[in-house]
Chemist: 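My questions all concern the structure below.
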Amino acid sequence: MTEGSSKGGVAAFTVIATTVGWPSFSNSARRSKPVKSLVICICLAVWLIQLGVSPSAAQTVDNTTSLQQQVEALFDPSHNLLDVKLAVDGMVDPSGSTAAVNDMVDNMAAEIAAMAGKDADSTMKLATLKRYLYESGAWNDNKPFQYDLDDPLGIKLTNRLLQRYLVTRRGNCITMPTLFLVLGQRLGLRMTLAEAPLHVFVKYMDDTGKVWNVEPTSGGGFTRDAWYRQKLPMSDRAVANGVYLRALTHEESVAVIASFLLEHDIDTGQFENALAASDVLLRHYPKFAYGLVKQGSAYSGLLNHELAGKYTRMEDIPPDLKAKADQWYGRNMEAFAKAEALGWRPQDGQTQ
């Protein structure tokens, strides 16, 4: 996930809000400024509003309805998380090859299973998975998978594509845990995703039923909850509400993976698409604080794009646009209020 969400895109809109008549964002500046996401690599992104010619209202409705149907299809229980990730990546970048990625993952899983041995228990399988990915050897042509130090923050969204990670072997806090999880599940390991501020990691249950935190961005090492809380500050309320450090269900994991769509659409100024997709994700994962933050950011993006620099007097704003802006403003505030009620804070994940 990236950090390019904003409680408002409001820097420019504040002038309009004050001059034209909406409540000033001065009391809710935290809802206007760029906020943190959920990735230890602190995947930072700056908005690049690149809107073309606006489609007609009817066309926009058709497009967003089709998009919502595609996003809803991701939650089909017959899909595994690799299916979901490849579908999401394909929606962002249709040039990728789903078949090629599936073949690579199949081959990798088979090689890891062979290295571990047919009678390997979960401990041996996990150790072999780590070795295969993160240690140099003939099995990976002495090119282990590594944290991408050239783009550790995941600013370039193409670096979030799973196929790119498989080819370059340089990953981030989405691609690394996703591949680790997918391969682990292929080996029969009980794994799921989990969230921390600015981070996604893996929860693993061993043969005794004990659950461990596994950090794919750091060689697959074990980590304690206390370590995450120290490195990536979070509120007690957020932890108690299950926003952070909790093993996610399959449905919640799908929403986390699909949040890439929100990041991409906000980054490219497709705010209506981001809102349409966020509605679906939040229906399936109502406590998805990051999704709420992105939704609020998309509403502020609409406000900024439609009003900032265009109007200085209330009476100059067309009535239909004024009505929409009132609604967008209210929903921006509502989305962030919901996230904050769950325990999310703008400073989550930021060390002092």
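If you're wondering where the values come from, they're calculated on a predicted model, not measured in any experiment. Each residue takes its place number in the sequence, starting with 1. Heavy-atom basis, side chains included; hydrogens, waters and symmetry copies ignored.
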Chemist: Find the distance between CG (L162) and CD1 (I174) and round it off to the nearest 0.5 Å.
Modeler: 11.0 Å
Chemist: According to a hydrophobic-cluster definition based on side-chain heavy atoms being under 4.5 Å apart (Ile, Leu, Val, Met, Phe, Trp, Tyr only), do L321 and F271 belong together?
Modeler: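 Linked within one cluster.
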Chemist: Please name all residues satisfying side chain to side chain contact (heavy atoms under 4.5 Å, CB included) with Q146, sequence neighbours left out, ordered by chain then number.
Modeler: P144
Chemist: For the residue pair F288 and Y290, does the interplanar ring angle fall in the parallel (under 30°), tilted (30 to 60°) or perpendicular (over 60°) class?
Modeler: tilted
Chemist: Under 4.0 Å between a Lys/Arg side-chain N and an Asp/Glu carboxylate O for K130 and E135?
Modeler: no
Chemist: Considering only residues two or more places apart or on different chains, which pairs with a residue in residues 117-129 satisfy side-chain hydrogen bond (donor to acceptor under 3.5 Å, both in side chains)?
Modeler: S122-D207
Chemist: Closest approach of L183 and A109, non-hydrogen atoms and distance?
Modeler: CD2-N, 3.9 Å
Chemist: Given the ring of W212, does K210 sit roughly above its face, with NZ or CZ under 6.0 Å from the centre of the six-membered ring and within 45° of the axis?
Modeler: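 The answer is yes; both the distance and angle limits are met.
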Chemist: Side chains of W328 and S300: closer than 4.5 Å at any heavy-atom pair?
Modeler: no
Chemist: In terms of ring plane angle, is the pair Y204 and F222 parallel, tilted or perpendicular, where the classes change at 30° and 60°?
Modeler: parallel
Chemist: Going only through I, L, V, M, F, W and Y residues with side-chain contacts under 4.5 Å, is there a path from V202 to M205?
Modeler: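 Different clusters.
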Chemist: Check the pair N273 / N63 against side-chain hydrogen bond (donor to acceptor under 3.5 Å, both in side chains), numbers first and verdict last.
Modeler: CA-CA 8 Å; N273 284 352; N63 290 343; over 6 Å; no
Chemist: Can you tell me how far the OH atom of Y311 sits from the CG atom of D316, to the nearest 0.5 Å?
Modeler: 8.5 Å
Chemist: Does the ring of Y134 carry K143 above it, NZ/CZ under 6.0 angstrom from centre and within 45° of its axis?
Modeler: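 The answer is no, since K143 fails at least one limit relative to Y134.
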Chemist: CD/Q327 to NZ/K322 distance, rounded to the nearest 0.5 angstrom?
Modeler: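 Answer rounded to 0.5 Å: 12.0 Å.
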Chemist: Please tell me if the side chains of R237 and L342 come closer than 4.5 Å, counting only heavy atoms from C-beta onward.
Modeler: no
Chemist: Return the set of residues passing ring-ring contact (aromatic ring centres under 6.0 Å, His included) with F201 (not counting sequence neighbours), or none when no residue passes.
Modeler: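 F201: ring-ring contact (aromatic ring centres under 6.0 Å, His included) contacts with H199, Y228.
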Chemist: Quick one: which residue pairs count as a ring-ring contact (aromatic ring centres under 6.0 Å, His included) with a foot in residues 156-191, not counting sequence neighbours?
Modeler: F145-Y165
Chemist: If every non-hydrogen atom of G349 is compared with every non-hydrogen atom of L232, which pair is closest and at what distance?
Modeler: O-CD2, 3.8 Å
Chemist: P177 versus E215: any side-chain heavy-atom pair under 4.5 Å?
Modeler: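 No, their side chains stay 4.5 Å or more apart.
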Chemist: What residue pairs, at least two apart or across chains, pass side-chain hydrogen bond (donor to acceptor under 3.5 Å, both in side chains) with a residue in residues 95-106?
Modeler: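 Non-adjacent pairs meeting side-chain hydrogen bond (donor to acceptor under 3.5 Å, both in side chains): D93-S95, D106-R186.
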Chemist: Are the side chain of N142 and the backbone N or O of G137 linked by a donor-acceptor pair below 3.5 Å?
Modeler: yes
Chemist: Just checking, R170 and Y147: is the charged tip under 6.0 Å from the six-membered ring centre and within 45° of the axis?
Modeler: no
Chemist: Would V200 and V92 show up in the same hydrophobic cluster when neighbours are defined by side-chain heavy atoms closer than 4.5 Å?
Modeler: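 Same cluster.
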Chemist: List the residues meeting ring-ring contact (aromatic ring centres under 6.0 Å, His included) with H284, not counting sequence neighbours, and say none if there are none.
Modeler: F75
Chemist: For E252, what residues pass the side chain to side chain donor-acceptor pair (under 3.5 Å) criterion, not counting sequence neighbours?
Modeler: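 Once residues adjacent in sequence are excluded, the partners of E252 under the side chain to side chain donor-acceptor pair (under 3.5 Å) criterion are R246, T249.
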Chemist: Can you list the residues that meet the side chain to side chain contact (heavy atoms under 4.5 Å, CB included) rule with A238, with sequence neighbours excluded?
Modeler: S235, V243, Y244
Chemist: Between Q185 and N80, is a side-chain contact (heavy atoms from CB on, under 4.5 Å) present by the stated rule, with each step listed?
Modeler: CA-CA 10 Å; Q185 291 182 338; N80 60 43; 5.5 Å; no
Chemist: Taking atom CZ of R160 and atom CG of N172, what is their separation to the nearest 0.5 Å?
Modeler: 6.0 Å
Chemist: State plainly whether one hydrophobic cluster holds both L187 and V211, where clusters connect Ile, Leu, Val, Met, Phe, Trp and Tyr through side-chain heavy atoms under 4.5 angstrom apart.
Modeler: no
Chemist: Could you tell me if the side chain of L292 sits less than 4.5 Å from the side chain of W344, heavy atoms only?
Modeler: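 Contact flag for W344/L292 side chains = no.
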Chemist: I need the minimum non-hydrogen distance between A325 and L307, along with the two atoms involved.
Modeler: CB-CD1, 3.7 Å
Chemist: Grab the two heavy atoms, one from A276 and one from L67, that are nearest each other, plus how far apart they are.
Modeler: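 Reported closest heavy-atom pair: CB-CD2, 4.4 Å.
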Chemist: So, the side chain of T178 versus the backbone of T175: is there a donor-acceptor pair under 3.5 Å, distance only?
Modeler: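 Checked: no pair found.
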Chemist: For L245 and A196, which heavy atoms make the closest approach, and how far apart are they?
Modeler: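 Smallest interatomic distance, heavy atoms only, reads CD2-CB, 4.3 Å.
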Chemist: If you compare all heavy atoms of L74 against all heavy atoms of H79, which two are closest, and at what distance to 0.1 Å?
Modeler: O-CD2, 3.9 Å
Chemist: For W139 and I112, what are the C-alpha separation, side-chain angles and deciding distance, and is it a side-chain contact (heavy atoms from CB on, under 4.5 Å)?
Modeler: CA-CA 9 Å; W139 52 86; I112 296 168; over 6 Å; no
Chemist: Under the rule for salt bridge (Lys or Arg N to Asp or Glu O under 4.0 Å), what residues qualify as partners of R331, not counting sequence neighbours?
Modeler: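 Result, salt bridge (Lys or Arg N to Asp or Glu O under 4.0 Å) vs R331: none returned.
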Chemist: Could you state the interatomic distance from CG (L281) to CD (Q68), rounded to the nearest 0.5 Å?
Modeler: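 Separation between the atoms: 10.0 Å.
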Chemist: Please determine whether a side-chain nitrogen of the Lys or Arg among R169 and D148 lies less than 4.0 Å from a carboxylate oxygen of the Asp or Glu.
Modeler: no
Chemist: For the CG atom of L262 and the NE2 atom of H264, what is their distance to the nearest 0.5 Å?
Modeler: 11.5 Å
Chemist: Could you check if a side-chain atom of R131 sits within less than 4.5 angstrom of a side-chain atom of M115, using non-hydrogen atoms only?
Modeler: yes
Chemist: With sequence neighbours left out, what residues match T192 under side chain to side chain contact (heavy atoms under 4.5 Å, CB included)?
Modeler: K203, A247, L248, S253
Chemist: Could you tell me if the side chain of E263 sits less than 4.5 Å from the side chain of K294, heavy atoms only?
Modeler: yes
Chemist: Go through the structure and list residues passing side chain to side chain donor-acceptor pair (under 3.5 Å) with D89, not counting sequence neighbours.
Modeler: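 Applying side chain to side chain donor-acceptor pair (under 3.5 Å) to D89 gives K85.
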Chemist: Before you tell me yes or no, could you show the steps for E111 and Y132 under side-chain hydrogen bond (donor to acceptor under 3.5 Å, both in side chains), namely the whole-Å CA-CA distance, both residues' side-chain angles and the distance that decides it to 0.1 Å?
Modeler: CA-CA 9 Å; E111 290 173 353; Y132 182 90; 2.4 Å; yes
Chemist: Please tell me whether L179 and L149 are part of a single hydrophobic cluster in this structure, the criterion being side-chain heavy atoms less than 4.5 Å apart.
Modeler: yes
Chemist: Checking side-chain contact (heavy atoms from CB on, under 4.5 Å) for the pair L126/M191: CA distance, chi angles, key distance, verdict?
Modeler: CA-CA 11 Å; L126 180 63; M191 291 181 169; 3.6 Å; yes
Chemist: State, with a plain yes or no, whether a side-chain heavy atom of L81 is found less than 4.5 Å away from one of H250.
Modeler: yes
Chemist: Just by distance, do the side chain of N332 and the backbone of G296 share a donor-acceptor pair under 3.5 Å?
Modeler: yes
Chemist: Give the intermediate values and the outcome of side-chain hydrogen bond (donor to acceptor under 3.5 Å, both in side chains) for residues R164 and N159.
Modeler: CA-CA 6 Å; R164 183 173 180 82; N159 287 337; 2.5 Å; yes
Chemist: Could you note down all residue pairs passing salt bridge (charged side-chain N to carboxylate O under 4.0 Å, His left out) where residues 277-292 supplies at least one of them, sequence neighbours left out?
Modeler: E72-R283
